[in-house]
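Remarks on the structure that follows.
Both counts, for ligands and for their atoms, begin at 1 and track the order of listing.
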Amino acid sequence: MTAGGGWETVIGLETHVQLRTASKMFCGCSAAFGAPPNTNVCPVCLGLPGALPVPNEQALKLAVRAALALGCTLHPKSVFARKNYFYPDLPKGYQISQFEQPLATDGALSYLSPDRGLTTATIVRLHVEEDAGKSLHDRFPKQTAIDLNRCGVPLIEIVTGPDFRSPQEARRYLQTLKQVLEYAGISDCDMEKGSLRVDANVSVRRAGEAALGTKTEVKNINSFAYVEKALSVERDRQVALLEGGGTVAQQTLLYDSKTSGVRPQRSKEESHDYRYFPDPDLPPLVLTEEFVAQQQAQLPELPAKKRERFMTQYALGVADADVLTGDRAVADYYEAVVHAGADTKLAANWVINEVLGDAKTHQEQLRVPPGALAQLIGLVRGGTLSQQAAKRVFAEVAERGGEPRNVAEALGVVQVADSGVVARWVSEVLGAHQQEVTRYKSGEIKLLPFFVGQVMKLSGGKADPKLAQKILEEKLAA
Ligand code: ADP
Ligand code: ZN
Ligand code: MG
């Protein structure tokens with residue numbers, strides 16, 4: 001994608017994801033969100049002298065599964081390193097992370113770009129680290145409070161190449177990444193609880209240029225919509241700067257969702273500023289082939305695989321398959337509808353439009369049981385219900401339950417396929433529209449849908465439209 005004036009946008013994302021564990025990365029403290037400040041702490045995560053870290057096995061399992069799900073090369077040996085910096089929410093004075101020897105590298109995630117279709121983002125690295133605490137600015141007037149509950153919470157950091165060409169693409173990648181991590185049970189990816197956080201790097205260059213421009217890094221973005229917005233705002237700022245003859249300074253910016261603006265946080269530190277060195281308290285992390293194989297066996301069918309399977313097995317287009325496989329529960333639901341006998345394409349339309357539409361306004365609940373939806377689809381296909389009537393039945397079943405067939409009867413929307421009854425409606429319509437009948441008979445056959453429409457109107461939508469058309473054609477040919 002090029003911005004105005006032949007600029008190309010280049011984006012790379014660093015995503016921090018909290019692993020779904022009960023306890024922290026190197027101690028037994030609870031990793032749960034929402035405890036009163038500074039209650040989930042111990043000598044290890046507070047960094048008191050003499051306390052020793054012990055890696056959390058469940059966290060390592062989840063990190064390995066994430067690396068496998070993202071097609072990374074897992075390294076048999078990786079090294080925990082200390083990332084040193086001073087900040088009030090970091091009592092140890094360093095964060096345990098991985099630097100020169102990360103857990104995994106060279107992965108890929110394919111996602112559906114709104115600009116380029118199916119596209120692959122490269123995962124440069126995936127490493128394990130612990131979180132820092134949190135500064136709270138809203139507890140005491142003009143003072144900052146510190147909550148250390150997050151210190152030591154297990155994270156993985158997932159870094160992409162500079163692969164995205166628009167803010168919209170970056171957002172789609174993130175949605176896809178979240179899907180994969182949720183499918184595999186690696187994280188709840190809840191941005192509101194801080195269990196998924198994104199740092200977005202962006203630069204611009206003249207279209208066709210090979211070298212990358214100077215990037216800035218935007219932090220403090222707490223929704224995918226804001227990632228897209230923040231990147232657009234920053235991209236536009238850089239383009240304006242360069243077009244005005246200026247240069248982009250490499251720096252870290254904070255996004256303010258209230259003003260939709262970015263402001264400098266600090267000049268960008270370099271990695272050597274952190275004085276990384278291997279943590280002397282932790283031996284290298286060694287993964288056996290057996291351990292990796294066990295984690296591989298724990299992975300479910302992932303969204304991309306499922307999407308491909310849906311396309312071939314159910315003859316669906318990529319867009320429909322993408323929506324249906326975005327959420328594991330929705331994919332399972334769709335398959336249940338098909339297994340209950342519904343036509344695959346009709347089922348896809350119903351799930352995407354009606355079921356997901358209904359779910360949006362009802363706490364993401366799939367309220368109509370799959371068997372009931374299959375029956376409803378069958379009623380439309382067999383001519384018992386019009387599409388319109390079926391939507392009413394669907395709403396009723398969603399709200400109050402019941403068998404679609406019975407509900408349709410109770411609502412009085414079952415289509416009339418009795419030819420005697422329909423013939424009477426047809427006669428009445430033809431009698432009331434003599435002029436159109438004359439025009440039709442003199443060759444204006446495009447009036448047929450008009451007559452069908454009149455019959456539908458007269459019958460209150462209950463006439464079987466196919467039968468009505470057949471009888472109309474017969475009578476008009478007479
Ligand atoms: P840093 O050392 O500043 O953290 P990295 O090389 O580690 O930079 O890259 C961090 C993220 O920024 C990665 O996702 C990478 O793809 C992205 N990135 C690097 N250079 C650029 C650039 N010129 N424009 C946009 N994104 C970039
Ligand atoms: Zn602790
Ligand atoms: Mg970096």
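- Angle SG(Cys27) to the Zn ion (ligand 2) to SG(Cys45): 110° [nearest 10 degrees].
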Side chain to side chain contact (heavy atoms under 4.5 Å, CB included) assessment of Glu129 paired with His16: CA-CA 9 Å; Glu129 61 183 31; His16 288 90; 3.0 Å; yes

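- Contacts of Val159 with ligand 1, taken as heavy-atom pairs under 4.0 Å, involve the side chain alone.
- Cation-pi contact between Arg206 and Trp7: present, with separation from the ring centre below 6.0 Å and deviation from the ring axis of at most 45°.
- For Tyr173 and Phe164, the ring centers are positioned less than 6.0 Å apart.
- Aromatic rings from Phe277 and Phe80 are positioned such that their centres are separated by 6.0 Å or more.
- Within a 6.0 Å radius of NZ in Lys229, no more than 12 heavy atoms belonging to other residues, nucleotides or ligands are found.
- Below 4.0 Å from some heavy atom of Gly213 lie the following atoms of ligand 1, by number and element: 23 (N).
- Contacts between Val124 and ligand 1 below 4.0 angstrom, taking non-hydrogen atoms only, are absent altogether.
- Within 6.0 Å of the CZ atom in Phe99, the count of heavy atoms belonging to other residues, nucleotides or ligands exceeds 12.
- Within the 2.8 Å limit, Cys151 places no N, O or S atom next to the Zn ion (ligand 2).
- The option with the heavy atom closest to atom 27 (C) of ligand 1, from among Glu14, Arg125, Lys215, is Lys215.
- The distance between the ring centers of Tyr314 and Tyr334 falls below 6.0 angstrom.
- By the 3.5 Å distance cut-off applied to N or O atoms, Thr214 is not counted among the residues near ligand 1.
- Taking the centre and axis of the six-membered ring of Tyr94, the NZ or CZ atom of Lys83 falls outside the cone set by 45° and 6.0 Å.
- Taking any N or O of Glu217, backbone or side chain, none lies under 3.5 Å from an N or O belonging to ligand 1.
- Less than 4.0 angstrom separates some heavy atom of Gly161 from each of these atoms of ligand 1: 16 (O).
- With ligand atoms numbered from 1 in the order given, ligand 1 contributes 22 (C), 23 (N), 24 (N), 25 (C) to contacts under 4.0 Å with heavy atoms of Ser203.
- Every atom of ligand 1 is numbered from 1 in the order shown, and the set under 4.0 Å from a heavy atom of Leu13 is 14 (O).
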